Every structure is written in C-alpha cells, then in structure tokens.
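Data block below; observations after.
What you see is a predicted model, and the numbers here were worked out from it, not measured in a lab.
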Amino acid sequence: MSERMPTSVVLSFVGVWFQVIAGVFGAFVMLSLLSGRLDHGQEVQNAGLVRGLVLFSLVVTAVLAVSGFLASKRYRWTRIVILAAEAVAVLDSLIGLVSGGGIPMLVKLVLALTIGAVLLTDKGLDWFDR
C-alpha cells in the first residue's frame, strides 16, 4: 500500500503548479509584448536581455514542472531542485519589489517562501526519502 502525501506537501505542490502555469503564461505575454513592439518599429532597450531572461524563466518553469511530476516518486533530488528554484524566485521577487513590481512580486515572494518552508519541515523532509 502506498503512503499518502501529507496535506501540507500537497498544498505546496499546488503552489508549484500555480507557479508553472503563471510562469508559462507570463513568459508568453512578455514575448508577445516584446514582439509586438519590435514589429511596430518601436525601440526596445535590451531586447536580447529580455528574451534571455524570459528563456531562463521558461527553463526554471520546466524544471518545476518536471519536479512536480516526479514528486510522487519521492526522490530527494526533486526536493533540492524545487528549493533551488524557490530560492531563485525569492531573489527575483526581491529585485522586483525594489524595482516597483508591487503586489504580483509580493505574491510571488510569499508563495516561494511558503513552498520552501513547507519542504524544509519534517513532513517535507520525510516525504522525499529516496
């Protein structure tokens, strides 16, 4: 008989999947806005950097998605990868808050800190025991 994932860990993975969906949506919105401006002849400062950051965001989102799929397998490395992605999200959120990102950056920060905190609890540690 298989063991059930603790409720707090389940809720943290709901947060991970929310991050995945929001990350994909946000990346496509940013690429669409960038392409729209470039197509209409508007100058965009650091367009290459923006594309690079969006690509980096998509890579982190893909890593979170794979980790979300593999959470039921209980591999230790999955937890470590998610914690690293959440650390990146915290850093990004703090930079965004300083840059005037407002409420969305605050939500991202709280979500990343909450997911990280849950995965660092005894239940989070015990779940990823392989």
Under 3.5 Å donor-acceptor, [X] side chain and [Y] backbone:
| X | Y | result |
| --- | --- | --- |
| Arg74 | Asp126 | yes |
| Thr61 | Ser57 | yes |
| Ser35 | Ser32 | no |
| Ser67 | Val63 | yes |
| Trp127 | Ala71 | yes |

Nearest-0.5 Å distance that lies between atom [atom1] in [X] and atom [atom2] in [Y]:
| X | Y | atom1 | atom2 | answer |
| --- | --- | --- | --- | --- |
| Leu113 | Glu86 | CG | CD | 9.0 Å |
| Trp17 | Phe69 | CH2 | CZ | 4.0 Å |
| Lys123 | Ser12 | NZ | OG | 12.0 Å |
| Met30 | Leu58 | CE | CG | 11.5 Å |

Next item on the list: Search all heavy atoms of Arg51 against all heavy atoms of Leu38 and return the closest pair with its distance.
Entry: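 Heavy atoms only, the tightest pair is NH2-CD1, 3.3 Å.
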Looking at side-chain heavy atoms only, is the closest gap between [X] and [Y] below 4.5 Å?
| X | Y | result |
| --- | --- | --- |
| Leu109 | Val90 | yes |
| Met105 | Ile95 | no |
| Leu70 | Trp77 | yes |

